[in-house]
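Each remark here refers to the structure printed beneath this line.
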Amino acid sequence: TSNEPPAAQQSAAPSPAAGGGTDNDRPGREVKIGFSAPAADHGWIAAIAKNAEEAAKQYSDVTFVPVEPTNDINQQISAVESLIQQKVDVLVLLPNDGEQLNQVARRAMDAGIPVVNLDRIFPDKLSYRTWIGGDNYGMGVAAGHYIGRKLKEKGVTDPVILEIQGIATLPLTQERSKGFEDALRAYGYRVTARQDAQFTVESGTEVATNLLQAHKKIDAIWNHDDDQGVGVLAAIKEAGRNEFFMVGGAGSANAMREIQSGTSVLECTVTYSPTMAGSAVKLARLIAQGKGMSDLVEHQVPQSITLASETITKDNVEQYLPLGFES
Amino acid sequence: MTETKQAARQGALARALPGAARLRLGRVGEARHVGLILALALLAVVGLITRPENFATSANLVSILALASTIGVITVGMTFVIIGGGIDLSVGAVMALASVWATTLATQSYGPWVMAMCAILVGTGAGLINGILIAYGRLVPFIATLAMLVAARGLAQRISDRKTQLIRPENGAIVELSTTRVLGLPLLVYIFALVVVVGWIVLNRTTFGRRTFAVGGNPEAARLAGIDVRRHTMLLYAISGFCCGVAAILIMARTTTGSSTHGDLYELDAIAAVIIGGTLLTGGRGSIIGSILGLLIFTVITNLFILNGLNTSDQLIAKGLIIVAAVLLQRRGLVGRRT
Amino acid sequence: MTETKQAARQGALARALPGAARLRLGRVGEARHVGLILALALLAVVGLITRPENFATSANLVSILALASTIGVITVGMTFVIIGGGIDLSVGAVMALASVWATTLATQSYGPWVMAMCAILVGTGAGLINGILIAYGRLVPFIATLAMLVAARGLAQRISDRKTQLIRPENGAIVELSTTRVLGLPLLVYIFALVVVVGWIVLNRTTFGRRTFAVGGNPEAARLAGIDVRRHTMLLYAISGFCCGVAAILIMARTTTGSSTHGDLYELDAIAAVIIGGTLLTGGRGSIIGSILGLLIFTVITNLFILNGLNTSDQLIAKGLIIVAAVLLQRRGLVGRRT
Amino acid sequence: MPSPAPLLRMRGIVKHFPGVRALDGVDLDVHAGEVHCLLGQNGAGKSTLIKVLSGAHRPDAGEVLLDGRPVRLADPTAAMRAGIATIYQELDLVDGLTVAENIFLGHEHAAFGFVRRREANRAAAGLLARLGHPEIHPATEVGRLSPASKQVVSMARALSHNARLIIMDEPSAALAHDEVANLFRVIRELTAQGVAVVYISHRLEEIREIGDRVTVLKDGRTVAVGLPARDTPTSRIVSLMTGRDVEYVFPPRPAPAAERPEVLRVEGLTLPGHFADISFTVGAGEIVGLAGLVGSGRSEIIETIYGARRPSAGRVLLDGKPVRPGSTRHAVRLGMGLAPEERKAQALLLEEPVARNITLAGLSRYARFGWLDRRAELAEANRLAEVLDIRPRDVRRPVKTLSGGNQQKAVLARWLTERTAADGAGGLRLLLLDEPTRGVDVGARAELYAVIRRLADRGIGVLLVSSEVPEVLGLADRVLVIREGRLVHEAPATELDEHRVLDLVMVARHGTKEGSGD
Ligand SMILES: Nc1ncnc2c1ncn2[C@@H]1O[C@H](COP(=O)(O)OP(=O)(O)OP(=O)(O)O)[C@@H](O)[C@H]1O
Ligand SMILES: Nc1ncnc2c1ncn2[C@@H]1O[C@H](COP(=O)(O)OP(=O)(O)OP(=O)(O)O)[C@@H](O)[C@H]1O
Ligand SMILES: [Mg+2]
Ligand SMILES: [Mg+2]
């Protein structure tokens with residue numbers, strides 16, 4: 001696609017496509033990049049942390065200062081406070097909750113430390129210099145379109161469509177569901193039942209096991225997250241069901257291999273790539289060194305960058321497999 | 001006080017039944033479990049009314065049992081520990097660690113039997129460490145097993161590099177525990193049943209079980225009666241660890257993976273099931289049947305919610321109310337005021 | 001046995017000190033806290049060695065105190081409940097519920113004072129329900145408060161529609177508790193200190209406090225002495241709920257939000273702090289100072305990890321080991337074998 | 001005798017427990033200024049009756065009149081308000097609180113809810129001094145006190161209410177001879193002020209010494225009201241209590257065997273702070289008594305022999321084999337048994353049935369490869385309940401529903417289980433008894449003595465600690481006198497009498513006062 005993601009590998013290693021070969025990759029002023037993200041108890045988040053760290057390692061002029069990842073807001077606030085105290089040059093923040101961390105991000109900006117806001121957005125534009133993240137709404141739309149189109153083609157009239165969300169209290173989950181709903185509406189369909197899991201394999205198994213009992217005939221399932229998808233697939237296999245097809249989310253290597261096999265109910269996944277963390281670190285470095293993005297005309301890094309959510313099916317999976325993260 | 005009252009009520013109940021019925025009721029039907037069985041029956045009625053076409057199907061009942069089996073196995077070990085006067089917060093984490101260890105590439109290269117052995121060894125080993133810290137290091141069980149929880153999760157993350165580890169196709173025998181059925185039930189349900197039966201026998205029919213009640217009820221008296229309280233305590237945690245190892249095999253079978261995220265908050269569910277089942281948190285009293293009934297109540301509640309398509313928030317509120325109602329129904333006053 | 005031994009050892013220690021030193025050591029320095037203080041000192045030394053330029057800065061110390069204050073307030077209430085022979089698993093969820101309730105649009109329209117009152121009322125109310133269920137409904141504390149945990153989280157999600165609720169600018173007075181500093185310390189640290197001091201006075205200098213020890217240590221004796229054990233028990237949970245309400249105000253100040261996700265797993269941290277601090281999980285013995293020291297140990301550990309940028313897995317492993325080491329250091333045998 | 005209108009009058013009190021009619025229409029009259037003794041066998045209902053009186057139990061029927069007016073004693077507070085204070089049979093103190101806090105628990109010295117500690121400590125010190133125990137410090141944590149001191153605190157607590165009626169449920173069970181004298185002095189002071197005392201004890205000689213009138217309970221019924229304490233013959237009281245004639249005698253001693261094989265040898269046993277350099281032996285079939293004051297270290301000595309404490313020096317040999325220090329399991333395997341001092345804290349599983357309490361120490365005897373033969377277990381428990389007359393006879397009841405004396409019997413029964421050489425372990429060789437008859441009634445005592453003697457006759461060695469000197473002298477073959485943790489005298493029981501023993505242990509007390517020590 002035209003939107004060829006920047007990294008050639010699972011990590012966000014610098015590659016020619018991402019402005020490699022330009023002056024930007026050459027060592028510049030020494031910068032200290034602070035990094036804080038939720039605890040890596042999940043494949044996607046783990047990939048985020050890893051991509052960030054690997055991107056930082058590419059540059060001799062970057063000192064990478066990650067702080068304790070935590071799922072407790074109170075502690076993440078303290079962690080960011082400690083980074084401010086350590087006077088890092090720039091911060092990359094993936095907050096547990098954008099609204100709750102807004103205040104402390106703002107404090108960093110006020111202290112003259114630019115904040116690169118990763119993924120979960122701060123409500124206050126004064127709290128970040130640049131936002132880079134995935135398109136949650138778009139992800140839901142992509143999944144909705146895939147399911148809607150396919151069921152329309154089959155001529156199904158009143159389909160049973162299930163949705164397995166991730167953690168329900170996260171805004172990103174709600175956006176995904178909204179996009180999904182809106183896209184399905186275009187086909188005259190709606191979600192029959194919706195349950196949330198915890199982004200873990202086990203919770204996926206548990207919720208899917210019960211859902212499969214609740215619906216004896218299913219037409220399609222959208223599962224928000226490929227990590228928990230492993231568990232969902234296990235439950236489906238255990239129940240011996242295959243009358244439906246399933247769409248995944250995020251784009252893990254596992255999911256792509258399933259799609260590639262052609263025998264799985266998982267036919268498709270919509271991406272939400274953790275490579276954004278590598279990009280965020282690169283942007284942070286550029287910002288701290290006062291550089292712009294060399295492919296763009298502007299001298300400064302843009303204020304906001306939204307990744308596109310792509311639809312991976314059997315037809316294009318070869319191309320995406322190298323980008324899939326190991327969940 | 002309250003216990004005596006309850007005893008009176010139970011006594012009255014027992015007398016009211018004709019002799020034969022009393023006999024036939026047997027263990028499971030003991031007065032102390034009647035409330036739990038009632039609560040379960042009530043939930044079943046709700047299921048039958050709200051989802052007649054889904055609830056009482058054999059597929060759904062199998063699902064419930066399969067869902068219950070992982071925590072169920074852990075609950076058996078937890079019952080031993082709690083009756084023995086302790087507590088084990090590390091169960092979920094130890095299960096995760098065992099599942100991860102058993103699914104590393106290195107372990108997987110030796111085939112399914114070695115993987116299963118590995119899970120059990122890791123679980124038992126972690127339990128043994130808990131036991132040694134508590135019995136010989138004199139750590140409070142709450143703290144020692146909390147430390148184990150934290151450390152085991154960390155280690156599981158290290159080993160798995162925070163990735164979900166898939167079971168390779170050549171080791172599919174493990175996964176078959178969940179997919180192969182005998183007489184309509186997946187193999188893992190039989191494993192669960194086996195653990196329950198063996199646990200029940202050990203607790204109620206052996207000297208070890210009897211001593212467990214003594215160690216939990218009055219450790220000083222047990223010591224002065226010539227029981228090696230420390231060794232016994234250590235073994236109780238080893239049993240709990242062993243159960244976590246078995247549970248790890250089951251979760252591997254169900255999810256086809258090993259992962260450091262498995263078993264999150266299992267400790268709370270398992271402890272809650274044990275206590276709802278009538279085991280005293282202070283030790284010395286309890287029953288495995290009660291624990292399993294308690295656990296089934298939890299599992300059926302979740303099943304009902306999802307069958308009825310409740311959203312999580314409402315599920316949580318309803319769950320809180322049902323727990324209170326179930327316990328009130330079961331035993332106003334059985335266990336007295338204190339934990 | 002072991003307790004008596006420990007008592008003897010403490011006695012010996014006390015006698016070994018010259019009179020004046022003993023006096024000056026006072027409560028905080030009581031022999032039973034010496035181990036905790038040592039552990040804390042050791043952690044400080046580690047901090048000074050590994051991060052000399054960051055650890056002992058006033059900004060960092062303020063940060064530690066600010067981080068500790070939310071759970072700290074909860075820990076005070078938890079200490080009362082545990083000394084009184086109970087346990088409160090619902091603290092984190094009740095705090096979340098109070099924060100959500102206090103930040104709804106409706107509540108926010110009445111200004112910061114009403115918001116604060118609302119948080120405290122909701123917290124105390126939830127605590128009172130716990131207390132009534134336990135004292136008069138005779139539910140086991142573990143189960144009653146677990147049910148409250150589940151239900152309060154669900155209710156908080158319902159009220160907030162699972163969204164994070166921002167404090168509106170006109171109610172910024174609440175946020176100022178965290179941003180305004182007096183003598184270098186944010187106001188919320190003073191609130192924390194106030195709760196600790198009041199809690200200490202109530203526990204150690206009032207009849208209510210002393211009776212709490214009796215209710216937890218020997219409820220039957222307390223009843224025979226004419227204490228209304230049930231009412232007392234109920235009040236203990238109300239205190240805990242009140243503390244959750246105060247903690248909700250603090251977390252609102254720190255995060256500028258009310259959210260159903262606040263306070264996740266605070267119950268484990270609070271209980272762990274209380275127990276590391278030397279309070280018996282079975283009730284009847286304990287101290288607020290100990291709990292706070294226990295909490296500070298946890299907070300400092302986290303702080304050290306943050307400063308040293310350890311990765312999560314290693315942090316968890318290290319944390320597990322440090323907990324064990326700290327407790328071994330503090331009191332080989334103080335609390336005896338049982339929880 | 002005394003004034004016409006009694007201070008307290010109880011009429012037709014009935015109280016049921018599940019499966020037991022503990023009180024079945026009991027009457028009791030108590031006059032101001034008298035010591036009214038309540039007698040009855042273990043389980044007769046004495047404790048239950050006084051719990052009704054103190055508001056701890058609500059009666060199913062019957063009425064209570066104070067000063068002729070009916071009162072409802074719905075809870076302990078109501079009883080206290082009515083001027084009734086109680087010393088319960090089971091210690092009802094809070095270990096985590098100080099002596100003063102325990103004494104004033106529920107009626108603290110306080111202003112606006114704040115405790116006035118200094119005032120409370122002063123008042124507590126006064127009460128303790130009055131009880132003859134100024135050495136108990138009001139600020140000490142009660143958990144650190146010995147059982148005897150706790151008993152004193154309980155008494156101080158009862159005194160602190162300034163009650164008109166004080167109930168004492170076996171207050172002397174945990175006290176030694178000289179302390180009982182102290183207690184009596186206080187009781188006399190109280191009665192002189194017009195306070196009435198209800199006194200329960202199984203020691204008939206005490207009744208004779210302190211009592212004015214006696215009410216006897218049997219199986220929850222009053223069988224005799226207001227007998228004069230001094231003039232009623234003991235035999236009559238005993239036969240009222242038991243319904244038969246029991247001779248309060250010790251079993252005959254066999255002629256001292258010239259050559260007894262040695263069962264126990266203790267050499268230079270030392271536990272710093274408790275006792276030092278203790279050496280003695282116990283022969284097969286011999287009963288050896290340890291006499292001494294409370295606090296002289298006797299309990300510690302036998303606990304150390306048993307492996308429950310680790311000595312700093314010395315060794316213990318059983319049948320010539322060294323006993324592993326600090327391992328009760330090893331001691332039991334070699335054939336030792338211990339009936340400890342505090343039955344509730346150290347011996348009983350209160351929630352468990354009597355049968356399981358009895359068989360706890362010898363479980364493997366009813367098991368093969370760890371598998372229990374529950375029928376054999378139950379049969380043995382039933383047999384022992386029969387032998388010791390444990391009531392009610394149903395061994396499946398939780399032990400906590402038994403009366404105090406019957407609980408004590410269950411503790412003893414544990415070590416009387418049949419052991420044969422076939423056990424492999426070699427059977428019981430040495431029985432250590434710490435206050436074995438505490439709270440046991442007269443009739444049962446005689447049986448118990450007989451049982452102990454029969455054990456000895458089978459070649460088992462017995463080491464007996466008792467604060468009742470007559471018991472030591474009557475039952476033991478040989479007596480060892482312990483004073484301040486040292487063995488100071490050893491003699492055949494026949495060569496000693498009560499005065500001589502008291503002198504020997506008292507010397508110690510004077511000795512310390514003069515600072516001479518040993
Ligand atoms: N809580 C209870 N539950 C059931 N039965 C009880 C309870 N308390 C006492 N009993 C029974 O009531 C009867 C009377 O007991 P009580 O304690 O009054 O005897 P007692 O005369 O004080 O005996 P002792 O001299 O041994 O102390 C006994 O049979 C006892 O087993
Ligand atoms: N850990 C301790 N701390 C303080 N004092 C103790 C401790 N252990 C025992 N004592 C005291 O030491 C003394 C010895 O008690 P011990 O039980 O040995 O006496 P005894 O001779 O066996 O008397 P009894 O007739 O009660 O059995 C008691 O007065 C007790 O208060
Ligand atoms: Mg009695
Ligand atoms: Mg003693």
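Note that the structure is predicted; figures quoted are calculated from it, not measured. Naming: A, B, ... by sequence-line order, numbering from 1 per chain.
For a residue to count as touching a neighbouring chain, one of its non-hydrogen atoms must lie under 4.5 Å from one of that chain's; by this rule C:Thr302 touches chain A with backbone and side chain alike. For a residue to count as touching a neighbouring chain, one of its non-hydrogen atoms must lie under 4.5 Å from one of that chain's; by this rule C:Thr261 touches chain A with the side chain only. Only the backbone of C:Asp161 comes within contact range of chain A, with heavy atoms under 4.5 Å apart. Interface residue A:Gln174: only side-chain heavy atoms are found under 4.5 Å from chain C. Heavy atoms of A:Asn74 lying under 4.5 Å from chain C belong to its backbone as well as its side chain. Using a 4.5 Å cut-off between heavy atoms, A:Ser82 touches chain C through its side chain atoms alone. Only the side chain of C:Thr179 comes within less than 4.5 Å of a heavy atom in chain A; its backbone stays farther off. With a threshold of 4.5 angstrom between heavy atoms, A:Ile77 approaches chain C through its backbone and through its side chain. Contacts between C:Thr257 and chain A at a heavy-atom distance below 4.5 Å involve the side chain alone, from C-beta outward. Heavy atoms closer than 4.5 Å to chain C are found in the side chain of A:Glu81, but not in its backbone.
A salt bridge links A:Arg185 with A:Asp182: the distance from a Lys NZ or Arg NE/NH1/NH2 to an Asp or Glu carboxylate oxygen falls below 4.0 Å. Between A:Glu326 and A:Lys50 there is no salt bridge, since none of the side-chain N atoms of the basic residue sits less than 4.0 Å from a carboxylate O of the acidic one.
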Step by step, would you call A:Gln76 with A:Ser36 a side chain to side chain donor-acceptor pair (under 3.5 Å)?
CA-CA 8 Å; A:Gln76 197 178 14; A:Ser36 170; 3.1 Å; yes

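Aromatic ring centres of A:Phe199 and A:Trp44: separated by at least 6.0 Å.
When each of C:Thr299, C:Thr57, C:Asn60 is scored by its heavy-atom pairs under 4.5 Å with chain A, the top score falls to C:Asn60. When each of A:Val67, A:Asp97, A:Leu83 is checked for heavy-atom pairs under 4.5 Å with chain C, A:Asp97 comes out on top. Per-residue heavy-atom pair counts under 4.5 Å with chain C were compared for A:Pro171, A:Pro66, A:Ala168, and the maximum is reached by A:Ala168. The choice from C:Val175, C:Leu166, C:Ile251 that makes the most heavy-atom pairs within less than 4.5 Å of chain A is C:Leu166.
Partner of C:Val76 under the side chain to side chain contact (heavy atoms under 4.5 Å, CB included) criterion, chosen from C:Val246, C:Val274, C:Ile292: C:Ile292.
How far OG1 of C:Thr145 is from CG of C:Leu89: 4.0 Å, rounded to the nearest 0.5 Å.
Side-chain N or O atoms of C:Gln165 include none that pairs as donor or acceptor with a backbone N or O of C:Gly258 at under 3.5 Å. Looking at C:Gln108, its side chain does come within 3.5 Å of a backbone N or O of C:Thr103 through a donor-acceptor pair.
Remark: A:Arg176 is positioned above the aromatic ring of A:Tyr272, its terminal NZ or CZ atom under 6.0 angstrom from the ring centre and at most 45 degrees off the axis.
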